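Report on the following structure.
In what follows, every heavy atom counts, from backbone to side chain, and hydrogens, waters and symmetry copies are set aside. FYI, the numbering just counts along the sequence from 1. Predicted model, so just to flag it, every value in this text is computed and none were measured.
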Amino acid sequence: RDTDRLAEALHFLRHAAEDGDEQAPANLVALYLEAGDLIAAAEAAEKYADESRPDTIVALGDVRAAEANPEAAEKAYLRAIQLGGVRAHTAYGQLLLAAFGDATAAEDEFRLAWRHNEPGWPYTLGRFLIDDGRGEEARAFLEAAASWGDRDASDLLNELDGVDPADDGT
């Protein structure tokens with residue numbers, strides 16, 4: 001991200017959240033986390049957590065995961081799943097893998113993310129399958145993600161095909 005514009009983006013999202021924009025609170029929390037400001041992310045997540053907006057519950061789970069509080073993150077993600085939160089299965093799967101080391105349960109969540117058409121599901125599932133040593137199974141998911149413009153998926157496909165990322169063709 002353009003760090004010179006971070007303050008402007010945060011300002012805009014804070015005002016949008018205050019004005020009742022549906023997506024602004026979750027985006028504000030995500031931006032604070034990306035900027036490394038866990039305190040501000042936690043304050044925003046707690047302020048805007050609202051079960052009528054399930055994505056705010058996913059954002060609260062993201063904060064709890066960043067705080068290294070996997071039990072609280074799991075509780076938030078499970079509630080967000082019940083409420084239909086966007087990215088809830090993806091986020092919970094990542095927690096299951098990172099905090100609990102449960103690859104089987106994580107894969108189940110990533111496949112549920114696919115079923116629910118969560119944003120970024122093809123890359124997430126493809127990345128998981130590659131990390132699990134199932135590169136050929138991952139290919140179709142990564143190709144779908146790459147066809148939708150996901151550069152990380154394109155890079156992974158190149159990696160699968162043995163293309164050296166440092167080779168600029170000259």
Shortest non-hydrogen contact from Ile57 toward Asp50: CD1-N, 3.8 Å
Partner of Phe141 under side-chain contact (heavy atoms from CB on, under 4.5 Å), chosen from Leu156, Ile130, Leu129: Leu129
Given Leu96, Leu97, Thr90, the one that forms side-chain contact (heavy atoms from CB on, under 4.5 Å) with Gln94: Thr90
Glu18 side chain to Tyr48 side chain, donor-acceptor N/O pair below 3.5 angstrom: yes
Residue pairs, two or more places apart or on separate chains, that pass salt bridge (Lys or Arg N to Asp or Glu O under 4.0 Å) and touch residues 94-107: Glu107-Arg111, Glu107-Arg134
Whether Tyr77 side chain and Asp62 backbone form a donor-acceptor pair below 3.5 Å: yes
Gap separating the CG atom of Leu31 from the CZ atom of Phe12, nearest 0.5 angstrom: 12.0 Å
Heavy-atom side-chain proximity of Leu157 to Val163 below 4.5 angstrom: no
Note, His11 side chain near Glu8 side chain (heavy atom, < 4.5 Å): no
Minimum-distance pair of heavy atoms, taken over all atoms of Gly126 and Leu142: CA-CD2, 3.9 Å
From CG (Leu78) to OH (Tyr92), nearest 0.5 Å: 4.0 Å
Non-hydrogen atoms of Ala24 and Ala16 that approach each other most closely: CB-CB, 3.6 Å
Leu10-Val29 co-clustered via ILVMFWY side chain contacts under 4.5 Å: no
Closest contact, heavy atoms only, Val86 versus Val58: O-CG2, 3.6 Å
Whether His89 and His116 hold their rings parallel, tilted or perpendicular, with breakpoints at 30° and 60°: parallel
Stepwise salt bridge (charged side-chain N to carboxylate O under 4.0 Å, His left out) test for Arg115 and Glu109: CA-CA 10 Å; Arg115 184 179 323 154; Glu109 290 301 319; over 6 Å; no
Minimum-distance pair of heavy atoms, taken over all atoms of Pro122 and Ala144: CB-CB, 4.4 Å
Trp121 side, atom CH2; Leu112 side, atom CG - distance, nearest 0.5 Å: 12.5 Å
Gap between atom CD1 of Ile81 and atom CD of Glu74 - 0.5 Å precision: 9.5 Å
side-chain hydrogen bond (donor to acceptor under 3.5 Å, both in side chains): pairs with one or both residues in residues 142-162, sequence neighbours excluded: Arg139-Asp161
Lys/Arg-Asp/Glu bridge criterion (N-O < 4.0 Å) met for Glu46, Arg64: yes
Spatial distance of atom CG (Leu38) from atom CG (Leu33) [nearest 0.5 Å]: 6.5 Å
Shortest non-hydrogen contact between Glu71 and Phe100, atoms and distance: OE2-CE2, 4.4 Å
CG-CD distance between Asp55 and Gln23, expressed to the nearest 0.5 angstrom: 4.5 Å
